[in-house]
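Note sheet for the following structure.
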Amino acid sequence: MSSTSYTPLTDTQRVFVVSVHFLTFAVAGWTVWAIQRKLPILHKRIWSPFLLITGIIFLQLGAAFEIANHYYEGNFELKDMKTDFINGVFYFFNFGGNYLNVLGLRNKSVPFFRIPGFIGNCKGGCFDLLIMLFDIFMVVGIFITLPIYFSLGREQSISTISAFGAFAGIGILFRLWRNVGPNRGTLFGGIGFFIMAIVGVIMTQVYQANGVEFLHAFIGGSFVLSLIPFTIGILSAVELPEGQKTGEDEVYGEQDVAVDSVEMTSVPL
């Protein structure tokens, strides 16, 4: 914490902060139920419902490690938090869960490794390559979170790890909207998820500036609440319109739908 000021939690505020952290299990449990409910559609629309469920379970495991860490370090206050193994494992599960979610939401018809088509559609080919590199970037993020945390320490690693997380959030926004919709529900889910995650980042910066410990409730709460619009997006999942190919029957790159000279199949979200 960069600020020299410090406003501790009252007993009432501490109960509220603790409750917000435990709320993760209820909200994430609802998300798992939503995925199970929409599983037949998700199997047809996205790359891996299994990774999606695993990502949500990762978030629950992260919450468990975070609660334990807060109990033994600072009694749910963020002041003078240390770099330790339990906190590092929280980072691994928390950020790793989002990387798994964005990978699970990939378009099922688009191979992970592919040769982008630049001939006749250079812009689309470049975007295709960018998205493929993005997915590789997300896989790498899962494995480098802990090394970054322990090599830089908790305070110094936050900005680097959060940058990876921000990219994952953008990917979730677009993939939740497009790959299980698109409709108003999936658009709300993607935008709502991203906004709440950004609120958490902003609240962290505010806390570092003023040292008000009660802001911890809004830091943790925003990340927990981001799962609510995310779940609404999952519950809004729909079948592709009749006549459009889906799943294993879809041949990547066949459809001829263009927007500003970029084929929609060249935007493999």
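Here the structure is a predicted model, which is why all the values come from computation and not from measurement. Below, all heavy atoms of this structure are taken into account, side chains as well, without hydrogens, waters or symmetry copies.
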Take atom [atom1] in [X]; do more than 12 heavy atoms of anything else shown fall under 6.0 Å from it?
X      : atom1 : result
Phe174 : CZ    : no
Gln205 : CD    : yes
Phe143 : CZ    : no
Phe112 : CZ    : yes
Phe118 : CZ    : yes

Taking the side chain from [X] and the backbone from [Y], do they hold a donor-acceptor pair closer than 3.5 Å?
X      : Y      : result
Arg45  : Asn179 : yes
Ser162 : Ser159 : no
Thr83  : Arg154 : yes
Thr186 : Pro182 : no
Lys38  : Ala237 : yes
Ser226 : Phe193 : no
Asn183 : Ser236 : yes
Tyr149 : Asp84  : yes

Are [X] and [Y] packed together at the side-chain level, in the sense that at least one heavy-atom pair is separated by less than 4.5 angstrom?
X      : Y      : answer
Tyr99  : Thr145 : yes
Leu52  : Leu100 : no
Phe95  : Phe58  : no
Val102 : Arg175 : yes
Trp47  : Leu105 : no
Val238 : Val180 : no
Ser48  : Arg106 : no
Asn75  : His70  : no

Ring centroid separation Phe188 to Trp177 under 6.0 Å: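 No; Trp177 has its ring centre 6.0 Å or more from that of Phe188.
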Listed partners of Phe214 passing ring pair (Phe, Tyr, Trp, His ring centres under 6.0 Å), at least two apart: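 Partners of Phe214 under the ring pair (Phe, Tyr, Trp, His ring centres under 6.0 Å) test: Phe16, Phe218.
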Residues forming a side-chain hydrogen bond (donor to acceptor under 3.5 Å, both in side chains) with Ser157, sequence neighbours excluded: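 For Ser157, no residue satisfies side-chain hydrogen bond (donor to acceptor under 3.5 Å, both in side chains) once neighbours in sequence are set aside.
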Given Leu59, Ile234, Ile232, the one that forms side-chain contact (heavy atoms from CB on, under 4.5 Å) with Leu227: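 It is Leu59; the other options fail the test.
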Separation of Thr24 OG1 from Ile67 CD1 (nearest 0.5 Å):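 If we round to the nearest 0.5 Å, Ile67:CD1 and Thr24:OG1 are 6.5 Å apart.
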Could you go through residues 165-172 and list every donor-acceptor pair under 3.5 Å that involves a side-chain atom there, pairing it with any protein atom two or more places apart or in another chain?
none

Residue among His21, Glu77, Gln13 satisfying side chain to side chain donor-acceptor pair (under 3.5 Å) with His216: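 Single pass found, and it is His21.
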Heavy-atom pair of closest approach, residues [X] and [Y]:
X      : Y      : answer
Phe76  : Arg14  : CB-CG, 4.5 Å
Asn210 : Ser5   : O-OG, 2.6 Å
Gly125 : Pro116 : O-CB, 3.4 Å

Ile136 reachable from Ile142 in the ILVMFWY side-chain graph, under 4.5 Å edges: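 Yes, one cluster joins them.
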Tyr91 reachable from Ile57 in the ILVMFWY side-chain graph, under 4.5 Å edges: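 Per the 4.5 Å side-chain linkage, Ile57 and Tyr91 are co-clustered.
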side-chain contact (heavy atoms from CB on, under 4.5 Å) against Phe65, all qualifying residues, sequence neighbours excluded: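 Only Ile86, Val89, Phe90, Phe93 meet the side-chain contact (heavy atoms from CB on, under 4.5 Å) criterion with Phe65.
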side-chain contact (heavy atoms from CB on, under 4.5 Å) involving Pro147 - partner list, sequence neighbours excluded: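 Once residues adjacent in sequence are excluded, Pro147 has no partner under the side-chain contact (heavy atoms from CB on, under 4.5 Å) criterion.
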Glu213 and Lys79 ion-paired at < 4.0 Å: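 Salt bridge absent between Glu213 and Lys79.
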Side-chain atoms of residues 30-37: list all donor-acceptor pairs with protein atoms under 3.5 Å, sequence neighbours left out, distances to 0.1 Å.
{"unit_1": "Thr31", "atom_1": "OG1", "unit_2": "Val27", "atom_2": "O", "d": "3.1"}
{"unit_1": "Thr31", "atom_1": "OG1", "unit_2": "Thr231", "atom_2": "OG1", "d": "2.6"}

